[in-house]
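Only heavy atoms go into these numbers, but all of them, side chains included; no hydrogens, no water, no symmetry mates.
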Amino acid sequence: LTFYAVSWKSKPASLKLSAGGTEITTISPAANDGAYDQPPYTITVGDSDKFEVDIPENVTEILFETTGSNKRVIIFNVVAE
C-alpha cells in the first residue's frame, strides 16, 4: 500500500493504520502549509510525504485513524498492489 499523507498546517498528527482490529503501523505525516482552511488546497509534497506500508495477506479493508484530539490528515493517491 502506498499513499501520500500530510498533516494540517501547524498541527502535526499521527495516523494509525489497522486491519481487523489489529494495528499494522503508525506514521507521522509532516505538517504542510497548504493544508488549512477550506478546499481547494494547494499542497506541495515531496518524497518524505510518500508512505509505503506492507499489508498482511488476505486483508481487504484498512482503517486510517488520526490519533490525538483535533488532528487532521489529508491522504491521497492511495495505491494498493
Side-chain angles (χ1 to χ4, degrees):
L1 179 71
T2 59
F3 57 92
Y4 285 88
V6 297
S7 292
W8 208 244
K9 179 180 179 178
S10 302
K11 294 186 178 187
S14 293
L15 185 66
K16 181 173 75 172
L17 282 72
S18 57
T22 302
E23 183 177 337
I24 297 169
T25 191
T26 298
I27 62 170
S28 298
N32 188 294
D33 287 345
Y36 73 98
D37 204 20
Q38 299 294 319
Y41 303 112
T42 303
I43 298 172
T44 302
V45 295
D47 291 340
S48 63
D49 299 309
K50 186 176 182 179
F51 295 89
E52 186 172 330
V53 177
D54 291 327
I55 303 300
E57 289 185 35
N58 300 321
V59 169
T60 59
E61 187 174 303
I62 302 291
L63 174 65
F64 289 77
E65 181 179 9
T66 56
T67 59
S69 62
N70 196 26
K71 302 293 183 177
R72 297 179 186 182
V73 175
I74 298 173
I75 304 162
F76 56 97
N77 201 32
V78 178
V79 178
E81 296 182 36

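- Placement of Phe51 and Val59 within a single hydrophobic cluster is found when ILVMFWY residues are connected by side-chain heavy-atom separations under 4.5 Å, directly or transitively.
- Cluster membership check: Ile55 does not share its hydrophobic cluster with Tyr4, using side-chain heavy-atom separations under 4.5 Å among Ile, Leu, Val, Met, Phe, Trp and Tyr.
- In this structure, Leu17 CG and Leu63 CG are separated by 8.0 Å, a value rounded to the nearest 0.5 Å.
- Between the OG1 atom in Thr42 and the CG atom in Asn32 there is a gap of 10.0 Å [rounded to 0.5 Å].
- In plain terms, the two heavy atoms of Ala31 and Ser10 that are nearest each other are CB-N, 3.8 Å.
- Two residues are said to be in side-chain contact when any heavy atoms from C-beta on lie closer than 4.5 Å; Leu15 and Ile75 meet this criterion.
- Taking both residues in full, the closest heavy atoms of Ser18 and Glu23 are given as CB-CA, 3.8 Å, listed atom of the first, atom of the second, then distance.
- No more than 12 heavy atoms of other residues, nucleotides or ligands sit less than 6.0 Å from atom NZ of Lys11.
- Listed here is the closest heavy atom pair of Ser7 and Ala35: O-CB, 3.7 Å.
- In this structure, OG1 on Thr2 lies 5.5 Å from NZ on Lys50, to the nearest 0.5 angstrom.
- With sequence neighbours left out, Lys16 forms a salt bridge (Lys or Arg N to Asp or Glu O under 4.0 Å) with Glu65.
- Nearest heavy atoms, Ser28 versus Ser14: OG-OG, 3.6 Å.
- A side chain to side chain contact (heavy atoms under 4.5 Å, CB included) with Phe3 is found for exactly one of Ile62, Ile27, Asp49, Val79, namely Ile27.
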Q: Go through the steps to decide whether Val45 and Phe76 satisfy the test side chain to side chain contact (heavy atoms under 4.5 Å, CB included), and finish with yes or no.
A: CA-CA 11 Å; Val45 295; Phe76 56 97; 3.6 Å; yes
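- With rounding to the nearest 0.5 angstrom, the CD1 atom of Ile74 is 5.0 Å from the CH2 atom of Trp8.
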